[in-house]
Number of protein chains: 2
Amino acid sequence: MVEPAPTVPRRRTQQERRETMINRLIDATIAVIAEAGYANASLGVICERSGVSRGGLFRHFDSRLDLMVATAAEVGRRHIVAARQRLADLREPTLIEALRVMRNRHRDVENVVWFELMVASRTDSDLRTRLSETGRQFFAEIVEAARLVPGAELFGEEDLDMLVTSLEHMFDGEAIRREISPDPVAEERRLELVAEFAEFLIMRRLNAAQE
Amino acid sequence: MVEPAPTVPRRRTQQERRETMINRLIDATIAVIAEAGYANASLGVICERSGVSRGGLFRHFDSRLDLMVATAAEVGRRHIVAARQRLADLREPTLIEALRVMRNRHRDVENVVWFELMVASRTDSDLRTRLSETGRQFFAEIVEAARLVPGAELFGEEDLDMLVTSLEHMFDGEAIRREISPDPVAEERRLELVAEFAEFLIMRRLNAAQE
DNA sequence: CCTGTTTGCGACCGAGCGGTTTCTATCTGG
DNA sequence: CCAGATAGAAACCGCTCGGTCGCAAACAGG
């Protein structure tokens, strides 16, 4: 019993064929949304990019919306995995290190795609409906990941949620702005400012707890 | 000499005809972008909304891009005018009042349209190029308007710019998020938090100046 | 009032869109 | 090895898009 010659591709199961196809499509969708935006991510360019035909695409996704929903779930997943990984890499991250991780995450394609989907959701009720559950889960997992940062234990769920959301908005806006008119000096100062503020908040909590 | 009967519209100059036409088109464009987003603001719906024909539109704007650029200039103008007005209304605004003004501004149609245009700019190089000058001017005027807030005099141009930009990003993000999944409690807490932080910054500046 | 110019209209155009259909290639279970 | 099922390709469809064009109405100025 020998393996088939390497020139002839080995037999793949239907499930394998299916999964590679879906992965290629989602990868291409992520790349295209990041480069061209949600509205310009047409099935034509996604198919071209992924090397999958239109027919092949519709075999696995019933509509463009379905593809976008699946893509949202995937970028959300990757975002969380990467964020936890980066935070775990530096065992005891300082505040500014953790903030830098967060900022870098928000500059990555995954988060840019998520942002594009959120902005599109505002004016596309179908997309908004379909993404609502994914979104809730995603936001919850973000806050959960934020628990890995020292000092986070001082804040209740609601406060931490609000803090993290505020930072997300700031870094999202910065990520967009820097692709229009970059300002690295201000970016660095902003990071330091936020770090100082976070330390201020932590100090205040500690003092309050002491009394 | 009598005025013509009111049933017969009075004679208008060519310039008047032109200006009312342009105003109607830009007003409609603002409304449509705010409701449907930049990508879905097609000339068809803009014409329908404004009551102007396609031919009429192209008499005054050579392309959709030109219309969008003109719209950007107009929303920028209105945003600044309104912001200055609101700040002037309360003579000596407290920090939290000023922040509330800013937040309300960012929830208004004008700023939503500006935001849509900025997000679209990221992936549309033509739009980005055409809006770069308008954008620079706009950002500068925002920072200038921020000088009306007591405490602003403590900060240099660059620092104030960075602070205001950070707040803009936060409020922009919040304005989008609240149309997807509103959270009024967190919004209020966020405003208070930011006010506290601003006070913290001002205090630190004052102490630093004292030494 | 009358001629030339500007303004406004709506039918029309090619291109690209999301989605369907038809047909072939590949895998599956017996 | 073979019949039925799944995967993948490509031509095709109706529709909407931004933009053009020829014509009629409204204004301008002598």
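Lettering follows sequence order; numbering is per chain, from 1. All values below were derived from every heavy atom in this structure, side-chain atoms included, with hydrogens, water molecules and symmetry-related copies excluded.
- For residues 114-133 of chain B, proximity to DNA chain D is found at no residue, defined as any non-hydrogen atom under 4.0 angstrom from a strand atom.
- Taken from CG in A/Asn40 to CD1 in A/Ile33, the straight-line distance is 10.5 Å, to the nearest 0.5 Å.
- What separates CD1 of A/Ile22 from C1' of D/dT6 is a distance of 13 Å, to the nearest Å.
- Counting only residues at least two apart or on different chains, the salt bridge (charged side-chain N to carboxylate O under 4.0 Å, His left out) pairs with a member in residues 94-105 of chain A are A/Arg100-A/Glu188, A/Arg103-A/Glu188, A/Arg105-A/Asp108, A/Arg105-A/Glu110.
- In this structure, B/Ile46 atom CD1 and D/dG19 atom C1' are separated by 14 Å, rounded to whole Å.
- Under a 4.0 Å N-O distance rule, the pair A/Arg147/A/Glu144 does not qualify as a salt bridge.
- We find that A/Glu187 and A/Arg190 are not joined by a salt bridge, their nearest charged nitrogen and carboxylate oxygen being 4.0 Å or further apart.
- A sub-4.0 Å separation between OP1 or OP2 of D/dA7 and a side-chain N or O of A/Arg18 is present.
- The cationic atom of A/Arg64 (NZ for Lys, CZ for Arg) lies less than 6.0 Å from the six-membered ring centre of A/Tyr38 and within 45° of the ring axis.
- As a whole-Å value, the separation of B/Gln14 CD from D/dC27 C1' is 4 Å.
- The stretch residues 53-75 of chain B touches DNA chain D through B/Arg54, B/Phe58, B/Ser63, B/Arg64, each having a heavy atom under 4.0 angstrom from the strand.
- Here ring-ring contact (aromatic ring centres under 6.0 Å, His included) pairs that include residues 114-161 of chain B, with residues two or more places apart or in two chains, are B/His79-B/Phe138, B/Trp114-B/Phe138.
- D/dA9 atom C1' lies 13 Å from atom CG of A/Leu25, rounded to whole Å.
- B/Leu43 has its CG atom 8 Å from the C1' atom of D/dG19, to the nearest Å.
- Side-chain proximity of A/Ser42 to the nucleotides C/dC17, D/dC27, C/dC27 is greatest for C/dC17.
- Sequence neighbours left out, not one pair with a member in residues 47-67 of chain B passes ring-ring contact (aromatic ring centres under 6.0 Å, His included).
- Regarding B/Asn40, its CG atom lies at a distance of 13 Å from the C1' atom of C/dC17, rounded to whole Å.
- Put simply, CE on A/Met21 is 7 Å from C1' on D/dA7, counting in whole angstrom units.
- A salt bridge does not link B/Glu192 with B/Arg189: none of the charged nitrogens is closer than 4.0 Å to a carboxylate oxygen.
- Listed by first and then second residue, the side chain to side chain donor-acceptor pair (under 3.5 Å) pairs involving residues 23-32 of chain B are B/Asp27-B/Arg78 (not counting sequence neighbours).
- Comparing A/Gly44 and B/Gln15 by the nucleotide of DNA chain C whose heavy atom lies nearest to each, the residue mapping closer to the 5' end is B/Gln15.
- In this structure, B/Glu16 places its CD atom 18 Å from P of C/dT6, rounding to the nearest Å.
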